[in-house]
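One structure below.
In what follows, chains carry the letters A, B, and so on, assigned in the order in which the sequence lines appear, proteins first and then strands, with residues in each chain numbered from 1. Below, all heavy atoms of this structure are taken into account, side chains as well, without hydrogens, waters or symmetry copies. Just so you know, these numbers come straight off a predicted model, no measurement behind them.
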Protein chains: 2
Amino acid sequence: MQEGTILERLRDMVVSGSAPPGELLGEIALAQEFEVSRTPVREALKQLEREGLVEVRPRVGTFVRKPTEREILELFQLKESLEGLAAGLLAQRGEVAELRILRQNVADESAVVEAGDARAYATLVHEFHHTLVTGADNQKLAEHYALLMNQLAYHRIVTQTLALPGRLGASLSEHGRILAAIESKDALAAEFATRNHVAQSRQAATLARIHEHDGGAVPATGDQA
Amino acid sequence: MQEGTILERLRDMVVSGSAPPGELLGEIALAQEFEVSRTPVREALKQLEREGLVEVRPRVGTFVRKPTEREILELFQLKESLEGLAAGLLAQRGEVAELRILRQNVADESAVVEAGDARAYATLVHEFHHTLVTGADNQKLAEHYALLMNQLAYHRIVTQTLALPGRLGASLSEHGRILAAIESKDALAAEFATRNHVAQSRQAATLARIHEHDGGAVPATGDQA
DNA sequence: CCTTGATCTGATGCATACAAGGAATGCTAA
DNA sequence: TTAGCATTCCTTGTATGCATCAGATCAAGG
């Protein structure tokens, strides 16, 4: 079959969207699909419930959960705080491996923005933020952050958001400012540059969702920087 | 028997310390104690593992986990960030029920400090921080915060910390500054007052742990404000 | 036609039996 | 005496059967 544990495969089904929101994740069906018994499937489903990805209705079933607008706002507020913390911590660490990765990452971002490749940029954005959090050298922070990002179905949101006009370049320069603040070992500046970046990203993501609900592609007329 | 679900009862055993670090939480023994089968016990243990309270060694057993010094530092860093976020959000909410609770709480704190009742003050401290987070009106924040606090074995740490000379009064005035910043709807001031308070608390807690390792009660000679 | 009720299906929740592996213990040999 | 090893015990991991209950379906009455 596929790779990875049952938990990972199930989580991927939810995060990637191959199991759409509202869909019933029946223990028996999944057990047959994974060729195991209900017990390990059940354990994995409970874990996903703890991660906020599915909703278990007792005696009824486990369903893929779709975050409400309210929850997305709450998650972005948390994201802002946690990434800000990470940037500040990283700035205090001095010259570490993650810093070099960030430099290379921003350089790569410049290149793909030149080429206008929004999808490649989305991948680099993901790596940038991931490196930021990893570089904070705080395992607990990384764990909490990972929970957040799963619930935000990060890739798709980021990809859609970056399709907004002007957002691509704005995001790049924001990353540049974050890196500069970290380079200068100014923890406070790094924190606030990061928080500002996340806030901007949140606004853009909100717009992207609104446009999506309008029905389909993002329009050419944008009203945000 | 007792009240609450199996999960809550098990968690309480770990957090309260009635099951000391390193102790084996055997599924069979717990199942007999709770008068259920291994299955629900096992589910609860897995949940506690995800909360970071126990460590599951495959094919060996589930053991009560003791946070390392490193982890405690990491958790306090997160606590500082999350409580700061909460205070800032609360400051932006205007006159809400939680704000009135905080006012009453600080007033009560003054009274018990006058009376010199450190134990009663510890309870009020717990309520103050809990109200702060609740008042942020962010469910996800509250959930992540709850995870943190469980791992910190908050009650005991706070109680020990407040026993340090001078810490009682310092904590009270810090709470006062936090409340004042929230009252003035200054989100940034509220955030930093809270972060400063948590940082002070962390330093005091570190001292308390060091003294504890010296062997027993906190000495009368303190070297922190 | 709409509402209301019983029934029936299918899902989870729990209990239990069996399989598999790690750790301690005691035995043997050097 | 001690090092090495086999064995035994005790633990979790998995599979499966039964009990229970939410929700759908269908029929009967207004």
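- Using the six-membered ring where Trp is involved, F128(A) and H175(A) have ring planes that are parallel, under 30° apart on the 30 and 60° scheme.
- Listed candidates were dA15(C), dG13(C), dG13(D). Nearest to the side chain of V56(A) is dG13(C).
- Residue contacts for I6(B): at a heavy-atom cut-off of 4.0 Å it reaches no nucleic acid atom on any strand shown.
- The NE2 atom of H144(B) sits 7.0 Å away from the NE2 atom of H144(A) when rounded to the nearest 0.5 Å.
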Original post:
Reading nucleotides 17-25 of chain D 5' to 3', which nucleotides get B (base under 4.0 Å from a protein heavy atom), which S (sugar-phosphate only), which -?
Top reply: B--BSSS--

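- One atom, CD of E43(B), and another, C1' of dT12(C), lie 10 Å apart when rounded to the nearest Å.
- Rounded to whole Å, atom P of dT12(C) lies 14 Å from atom CG of L48(A).
- Between K140(A) atom NZ and L78(B) atom CG the span is 9.5 Å, to the nearest 0.5 Å.
- Residue I28(A) contributes atom CD1, which lies 8 Å from atom C1' of dG10(C) at whole-angstrom precision.
- Among residues two or more places apart in sequence or in another chain, the side chain to side chain contact (heavy atoms under 4.5 Å, CB included) test is passed with A91(A) by I182(A), A187(A), A190(A).
- Note on T39(A): every side-chain N or O is 4.0 Å or more away from OP1 and OP2 of dT14(D).
- Distance K46(B) NZ to dT12(D) P: 11 Å, rounded to the nearest Å.
- Q47(B) and R50(A) share a donor-acceptor pair across their side chains, judged by distance under 3.5 Å alone.
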